[in-house]
Amino acid sequence: MKQKVVALLQQAVEELIEQSVLQSDWIPEISVERTRDAQHGDFASNLAMMLAKSAKTAPRQLAEAIIAALPDDVSVEKVEIAGPGFINFFVNPAAQHQIIADILRLGPSFGKSEVGAGKKVQVEFVSANPTGPLHVGHGRGAVYGSVVAELLRAVGYDVANEYYVNDAGRQMDILATSIWLRYLECCGQTIQFPSNGYRGGYVEDIARQFFDRVNQDFCFVAAEVFDGVPVDEPQGGDKEQHVDGLISKARELLGQERYTQIFQAGLTAILADIRDDLAEFGVDYQHWFFESLLVDDGSIEAALERLDKAGHLYKKEGATWFASSLLGDEKDRVVVRENGQSTYFASDIAYHMNKLDRGFERIINVWGSDHHGYVPRVRAAMTALGADADKLEVLLVQFAVLYRGAEKVPMSTRSGDFVTLRHLRDEVGVDAARFFYVLRKSDQHMDFDLKLATSQTNDNPVFYVQYAYARICSVLRQLEEKGLSRNRQQGLESLELLSTEHEVSLIGLLTQYPEVLERSALKYEPHHLVHFLRELANHFHTYYNAQQFLVDDVKLRDARINLIEAIQQCLSNGLGLLGVNSPESM
RNA sequence: GCGCCCGUAGCUCAGCUGGAUAGAGUGCGGCCCUCCGGAGGCCGAGGUCAGAGGUUCGAAUCCUCUCGGGCGCGCCA
């Protein structure tokens, strides 16, 4: 409908150009908005005000000329000039009613579109280091990323969800070493656990399972392990040097093969846990991309060579630098360290080159907003690789602060007793957790109240929306239990009977759903959809309290049943995109 | 110190490429089923859109400055 209004205005403008009232080079993009106030009709355009200056005509006068030039259309009931020069469109009720037939016909695909048809997009999200279970900080990115991907699919894009597994860095060596030390404890050794090691209980679990499998094969006495290793921080040393010393010792004593076995045991166990965790949270991936692949197949060298050939690399103080400051970054970045090791950033350059090579038209990265300083250097890398940096879209997600009522939930990651995502799911459930995470704009801080999310009262927005759905299901059950007749076709032919204030506004809302969906998708802002669903639920509850659906008048009853079925479908479609269930009873 | 983000009702937050009288939820004060699920609905009070300039027909929205808060500034990942 909105498109139709734009088209009508477009024709009017062309007509006025022909009449030389307007000139073709003045014409701005025609903007049509939903009105906020029903008194202003359904759609409004500020076109006359935009053109007034260049046409040297008063906005209201120009608006009159535009209206006079508008072609007739059956779905437009009337057009008015209002305020400083707005052109307000009132849509014919019969045209509005059509939406109910559309929804019932389209079912689950109501609201979808093809604006992204034929375009390949990648959404990379979560990508937490596989050094421990996911915590609540990852939850928001997980839900946000998966919903953005789902929204893009709904408007036609060919979307691939991807998780980048950082399995090649120093953190993984620390993990492997931590597991080994716990394993040594299983062997009966007494270990002074490094302050910089991974202390979580899951490390001990992995070590114990590993011990059960390999027995004493990896055992060494503690004295030998710690011999010659720089002292730890509590003893006045440096914790980084201490843990690095232990990593070297692990490699040396175990040899490459056994070290790799421990390393793989840790990676496999934790990754399996992350996969299960995400799957249970309704988050699925098409690809799990391993950083180690880039190391092993020479991609990093290839990427650096490409940058070097294009003249973006130089050597200084024994290291190799990427001249990113010439491409918008704050300073140049090291890609190969003095010791010959490539940096994490070098992997990331190779990774993004790989993404580009896979032919995605748009590359979306969902990152924690604490990484925002990292964006310019990746964009610089894209440019230096010869790609259009605008293909890259980095969506930043702020951490949520957890509360239980008024009380803040402590979240220390140091001690390993942080609140895990699994814990959150257990406490509030998948539906509430997902809904809450996308309730707010993603790049804003948010307070997540666990108590509110689990409350079974009207202040909980998840239950509020789900309840609207369940209520409709209940009415439909009543229809059957009471043995009332129901004729969908007759209902569709009687839609003009839906004329109360509540019905008109509900139908108006339903017509907005496809627009809301498209906007949420294209702007990567799921919260618009969430707000829409709350509003739809609210209007339904009001309607429910004001009017009886199962009335004696058969035609009216059929029409109303069609309306609430359309609402039911729309709620379920929207909740489905959010990964939230639509329960038939609660 | 430099860079990015943010500041809207008591609290949590919306506010689409600048548009009409700035909106929800919660909390607070009233009220509403002989009826399809009261996990609901209605009404009311509550605002210097942090502050000050500027841009224009029009600014919560764009520009500049000030104040207040968050984050980032490794040859870590």
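Naming: A, B, ... by sequence-line order, numbering from 1 per chain.
A side-chain hydrogen bond (donor to acceptor under 3.5 Å, both in side chains) check over residues 38-47 of chain A, counting only residues at least two apart or in different chains, returns the pairs A:S31-A:N46.
Contacts of A:T542 with the nucleic acid, taken as non-hydrogen atoms under 4.0 Å apart, involve only primed sugar atoms and P, OP1 or OP2. Among the atoms of the strands shown, base atoms are found under 4.0 Å from some heavy atom of A:A82. No contact: A:Q512 has no heavy atom under 4.0 Å from any strand. Nucleic acid contact for A:S585: base, since at least one base atom lies under 4.0 Å from a heavy atom of the residue. Among the protein residues, A:D348 comes within range of no part of the nucleic acid, since none of its heavy atoms lies under 4.0 Å from any strand. Nucleic acid contact for A:S31: base, since at least one base atom lies under 4.0 Å from a heavy atom of the residue. Nucleic acid contact class of A:D449 (heavy atoms, under 4.0 Å, all strands): none. When heavy atoms are screened at a 4.0 angstrom cut-off, A:A44 is found touching base atoms of the nucleic acid.
Remark: side-chain polar atoms of A:D558 are paired, donor with acceptor, to backbone N or O of A:N487 under 3.5 angstrom.
By the salt bridge (Lys or Arg N to Asp or Glu O under 4.0 Å) test, A:E407 is found to be paired with no residue, residues two or more places apart in sequence or in another chain being considered. In this structure A:R519 satisfies the salt bridge (Lys or Arg N to Asp or Glu O under 4.0 Å) test with no other residue, sequence neighbours excluded.
B:rC71 and B:rG3 make up a base pair, with Watson-Crick or G-U wobble contacts both under 3.5 Å. Remark: B:rC42 base-pairs with B:rG30. Criterion, Watson-Crick or G-U wobble with two distances under 3.5 Å. When Watson-Crick and G-U wobble pairs are counted only if both distances are under 3.5 Å, B:rU64 pairs with B:rA52. The nucleotide B:rU12 finds its pairing partner in B:rA24, both defining distances of the Watson-Crick or G-U wobble pair being shorter than 3.5 Å.
Looking at A:Y164 and A:N365, their side chains never bring a donor and an acceptor atom within 3.5 Å of each other. Side-chain N/O atoms of A:E291 and A:Y351 include no donor and acceptor closer than 3.5 Å.
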Determine, for nucleotides 2-14 of chain B in 5'-to-3' order, which nucleotides have protein heavy atoms under 4.0 Å from the base (write B), from only the sugar-phosphate (write S), or from neither (write -).
-BB-S-----BSS
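The interatomic distance linking A:E33 (CD) with B:rG15 (P) rounds to 14 Å, in whole Å. Taking atom CZ of residue A:R557 and atom P of nucleotide B:rC36, one finds them 15 Å apart after rounding to whole Å. Rounded to an integer number of Å, the gap from CG of A:L47 to C1' of B:rG19 is 14 Å.
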N/O contacts under 3.5 Å, protein versus nucleotides 54-59 of chain B?
from   : atom 1 : to    : atom 2 : distance (Å)
B:rC57 : OP1    : A:K53 : NZ     : 3.2

Shorter than 3.5 Å, N or O on both sides, protein versus nucleotides 74-77 of chain B: list them out with atom names.
from   : atom 1 : to     : atom 2 : distance (Å)
B:rG74 : OP2    : A:K331 : NZ     : 3.3
B:rC75 : O2     : A:E338 : N      : 2.7
B:rC75 : N4     : A:E317 : O      : 3.1
B:rC76 : OP2    : A:R337 : NE     : 3.3
B:rC76 : OP2    : A:R337 : NH1    : 2.4
B:rA77 : OP2    : A:Y344 : N      : 3.2
B:rA77 : O2'    : A:N129 : OD1    : 3.1
B:rA77 : O2'    : A:N129 : ND2    : 2.7

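Comparing A:S474 and A:N88 by the nucleotide of RNA chain B whose heavy atom lies nearest to each, the residue mapping closer to the 5' end is A:N88. Each of A:H40 and A:E584 has a nearest nucleotide on RNA chain B; the 5'-most of these lies closest to A:H40.
B:rC71 and B:rA9 are spaced 22 Å apart, taking the P atom of each and rounding to whole Å. On the P atoms, B:rA22 is 31 Å away from B:rU66, given to the nearest whole Å.
You can call A:F86 stacked on the base of B:rA20; the centres are under 5.5 Å apart and the planes sit within 30°.
OP1 or OP2 of B:rA39 has not a single side-chain nitrogen or oxygen of A:Y544 nearer than 4.0 Å.
Among B:rC36, B:rG72, B:rG41, the nucleotide with an atom closest to any side-chain atom of A:Y464 is B:rG41.
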Can you list the steps and then say if A:E565 with A:R486 is a salt bridge (Lys or Arg N to Asp or Glu O under 4.0 Å)?
CA-CA 12 Å; A:E565 273 191 337; A:R486 195 283 155 101; 3.0 Å; yes
